[in-house]
Amino acid sequence: MRTRPSRTAVPLVPLAAALALALVAGAGAGPATAGPPGHAGGPGRPQPAPAAPTFVDATVHDPSVVVADDEIWVFGSHLQVARTDDLMAWEQVAAGVTPDNPIFEDVTTELAEALEWAQTDTLWAADVIQLPDGRFAMYYNACKGDSPRSAMGLAVADSVAGPYEDQGVFLRSGMWDQPSEDGEIYDARVHPNVVDPDTFVDADGRMWMVYGSYSGGIFILEMDPVTGFPLPGQGYGEHLVGGNHSRIEAPSILFDEDTGYYYLFLSFGGLDANGGYNMRVARSEHPDGPYVDAEGNPMSEVRSDPSLPLFDDASIAPYGVKLLGNHLFQREVGDPGSGPGTGYVSPGHNSTWTDPATGEHVLVFHSRFPGQGETHHVRVHGMTMNAHGWPVVAPYRYAGDAPGARPGKRPDPRRDTFRLPDVAGQYALVDHGKAISAEVTRAVTVRLEKNGRVTGDREGRWQLRGDDGVRLTVDGATYDGVLDRQWQPDRQEWVVTFSVQSRAGVSLWGSAVPPLSAKEAVAAVAADLDLGDTSAVVTDLTLPTTGTHGTTIAWASSDPAVVSADGEVTRPEHGAGDASVTLTATVRNERRTATVRFEVTVPERTPGGLAGTWSFEGDLAEASGSLPAGTVTGPRIGTTGGTVSYVPGVAGQALHLDGTSGVQLPQGLVSGPTYSVSLWVRPDAVTQYTTAFFAARDERSWVSVVPRGPDGSTMVWSGEAWYDASTGGQVPVGGWTHLALTVDGGDVAVYVDGEQRFAGTGFPQVLTTTTGTFAVGVNWWDTPFQGAVDELTVHTAALSAEEVAALAGR
């Protein structure tokens, strides 16, 4: 009898039992909101409502799962490591390729060979597996990043937590004009980039490693379980998918004992917030292929068109079963909770874990989030095989129910039976499609009628299949999948969900929406409608026009010349005085209406030109004398105790900061969507996230001129919209560099030594109050700036390229 392949030799009965207990405490019922546990279409017995789950997030990019000591661990890029015992609360164990990372004695020296070959100072996605002798094997890899010059090696440890000891590099790529591991001259179109390993044991006890990214595609090698190295004579191994620099990477293979298939998970697209990263799957009867998608397309032939530009997505988008991509179950005005809703941006690079006690699967991956830029965290979702033997992924993160949320295997099967009254009702529906796109797909509204019809934004038929199965036939396509009860984070309640998939490899997710009468909907929208602080409005207002359950919102203004019914703000001219405007919202749903009024004050325009100049000639005075002098802070805005000094500058003297203090400038230097900042910097040291110049409305909305940003380059960085305006390079240590930022509405430009290095649109409107915070060298969180700053000017207009060049002395 074949045994289920595993990523560990350690039985997980204690963890499985813990998860089962969490399930018993956390199951719910009902079509839109959970009734008491035990309800399955009948009345059930009254029981206390399940407790809300508790989540603690961790940051591990490209997480790979291994289990040890009844805990699930994930290892990822940049030597980020986290662990959990319940799949919900994560503990960050390590982060950063630095000498103090606890996973190695000193990773910078231990893995120096790989880092030197790859010409980098960081690591990409690591993978850890437990070998038969009990040791833990880490497959590490380093990549140059702008080319496929990479190295992959093996390190081992007696404990999952390390310290790991290097056993050497065993694969290399990117050796231009030199023989490759296959003995042929390296060709990036056909040979792999040796990164993103995933090592597993198949159903017959053989050990394999699948790996690869972009370049020549995804490959698989058979491994020696005794040494941990590849068996000799394989070169790069067997090609599975990709080539011609197609954006396909992050392979991971799962075997399902029930279906008898090996499932190859892949990430298509680019990993950043604008890259359209999405997860797909293909399957095979053998670990080394051949793999096909749900339409039977051989994945070995899926690659970019060599006649098209690099990283051609159009050629690969139709292939593979797409499990999930960018999406948003948006929160409408009047819905419970706060924020934009629940969804993901560029979810990908997954691993899987199978509960050995139940055979249930979970999908573990990283994701970014709508409106949060490059911020990313680990996510865990249940995963179930549908009627055709393809995995469908639960719409919401695992929240204490059984991994995979597969009905019929839970301790109390009554909780897993769905009947027509449980399921019929209104749903938010996400169609993941097959596109590779940065666009975030928003949910539409459908109803699963009791007569079996699907109505609303999609039309067709639906039917229950067995206790938990569901089939939808909409717009001519048939989708099969499963029903579940999941924790809806915005509503903070358990709801019915479905995840279904078509033979074309398209996934639909549904999340039940509680019914509201027209009267209730109008009242909810009126109570929730909020424009924020309207006491000093200097930028356009966002006036919502729709609310929950089809409610509409119409706006009227008492003075459209100042604030229009569309929210456009026109400030009075300087000297005309501030304007007071009443905005009236009429909320309507069917015959029910309500009126909500907002009093808005729009300040008159400030005089154009310079907002302030600081030459730092032995003091912190503003040059015109019309503004207060700057004040010395401690290591954060709002703290004290710091000191500053003055050194020779670009012109006269310059401010010098020692890395423990900064300077806070007068409040409200700029209020509005148009401004510029110009300054000279000479860092003594460069640390990531440290600000040279900082401006903020509050701790969530800010603009920062950062010598070394999240991507390692000098940039203008804005939160919480997380806008990255990268210059593509880093200012030098010990030398003077001129930096300038211009903002004109949503248009932004960043200059280095008078040359434009970034231009973009959609820049967030942060300085929307007359009481904004401005500082040099410090913010509320990060290491203060260490070095000199000179000739700082802040303008209330967007400087031209010529004006910036003049300030830079060009």
Side-chain angles (χ1 to χ4, degrees), residues 119-122 144-147 270-275 373-375 438 650 657 674-696 702-719 721-764 766-767 774-779 782-795 798-810:
Q119 301 170 22
T120 183
D121 60 0
T122 192
K144 189 171 185 291
D146 59 359
S147 80
L271 61 86
D272 62 16
N274 294 318
E374 301 303 326
T375 297
V650 174
L657 302 173
T674 304
Y675 54 93
S676 301
V677 178
S678 165
L679 72 162
W680 289 86
V681 297
R682 191 197 66 196
D684 295 338
V686 175
T687 51
Q688 199 167 38
Y689 311 129
T690 290
T691 185
F693 176 84
F694 185 77
W702 41 265
V703 176
S704 186
V705 178
V706 187
R708 180 179 174 87
D711 68 350
S713 71
T714 298
M715 65 165 56
V716 171
W717 194 25
S718 182
W722 300 107
Y723 194 106
D724 295 352
S726 177
T727 64
Q730 181 182 292
V731 297
V733 173
W736 284 104
T737 301
H738 183 264
L739 299 176
L741 157 70
T742 69
V743 178
D744 189 4
D747 298 331
V748 61
V750 183
Y751 297 81
V752 178
D753 286 332
E755 294 185 357
Q756 187 179 97
R757 297 288 182 85
F758 180 89
T761 59
F763 195 71
V766 170
L767 305 180
F774 296 80
V776 178
V778 287
N779 57 29
D782 300 306
T783 302
F785 180 80
Q786 183 177 352
V789 177
D790 201 6
E791 302 304 317
L792 168 66
T793 59
V794 180
H795 306 254
L799 297 177
S800 67
E802 292 76 17
E803 289 170 321
V804 171
L807 289 169
R810 296 182 62 85

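One is the number of the first residue; the rest follow in order along the sequence. For the numbers below, each heavy atom of this structure counts, side chains included, while hydrogens, waters and symmetry mates do not.
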note = For A808 and G754, the nearest pair of non-hydrogen atoms, with its separation, is CB-N, 3.6 Å
note = By side-chain hydrogen bond (donor to acceptor under 3.5 Å, both in side chains), T742 pairs with (sequence neighbours left out) none
request  = Using modelled atom types only, decide if a donor and an acceptor are shared between the side chain of S800 and the backbone of E803 within a distance under 3.5 Å.
outcome  = yes
request  = Determine, step by step, whether H738 and L807 satisfy the side chain to side chain contact (heavy atoms under 4.5 Å, CB included) criterion, reporting the C-alpha distance in whole Å, the side-chain angles of both residues, the deciding distance to 0.1 Å, and the verdict.
outcome  = CA-CA 8 Å; H738 183 264; L807 289 169; 3.9 Å; yes
query = Where do Y689 and W717 land on the side chain to side chain contact (heavy atoms under 4.5 Å, CB included) test, with the steps shown first?
reply = CA-CA 9 Å; Y689 311 129; W717 194 25; 3.5 Å; yes
Flag side-chain contact, heavy atom, 4.5 Å: P683 against V731 = yes
key: 4.5 Å side-chain heavy-atom contact, W680 and L792   = no
ask   = Between W702 and N779, does a side chain to side chain contact (heavy atoms under 4.5 Å, CB included) hold up when you go through it step by step?
value = CA-CA 10 Å; W702 41 265; N779 57 29; over 6 Å; no
inquiry  = Looking at every heavy atom in both A692 and P707, which two are closest together, and how far apart are they?
reply    = N-CD, 4.1 Å
ask   = Does Q688 use its side chain to pair, donor to acceptor, with the backbone of G709 at less than 3.5 Å?
value = yes
Heavy-atom closest pair, residues A685 and V733 = N-CG1, 4.1 Å
request  = Have a look at V716 and tell me which of V677, L741, D724 forms a side chain to side chain contact (heavy atoms under 4.5 Å, CB included) with it.
outcome  = L741
remark   = Minimal heavy-atom distance between L767 and A695, with the atoms involved, is CD2-CB, 4.0 Å
request  = Would you sort out whether V789 and F693 count as a side chain to side chain contact (heavy atoms under 4.5 Å, CB included), showing the intermediate values?
outcome  = CA-CA 9 Å; V789 177; F693 176 84; over 6 Å; no
ask   = Can you tell me how far the CG atom of D684 sits from the CD atom of Q786, to the nearest 0.5 Å?
value = 5.5 Å
request  = Starting at OG1 of T674, measure out to CG of D744 and round the result to the nearest 0.5 Å.
outcome  = 4.5 Å
note = Those residues at least two apart in sequence (or on a different chain) that pass ring-ring contact (aromatic ring centres under 6.0 Å, His included) with H795 are none
task = Would you mind listing every side chain to side chain donor-acceptor pair (under 3.5 Å) that reaches into residues 726-737, with sequence neighbours excluded?
result = R708-Q730, D711-S726, S713-S726
query = Rounded to the nearest 0.5 Å, how far does CZ of F785 lie from OG1 of T691?
reply = 9.5 Å
ask   = Roughly how far, to the nearest 0.5 Å, is CG of L739 from OG1 of T714?
value = 6.5 Å
query = Is there a donor-acceptor pair under 3.5 Å between the side chain of D790 and the backbone N or O of V650?
reply = yes
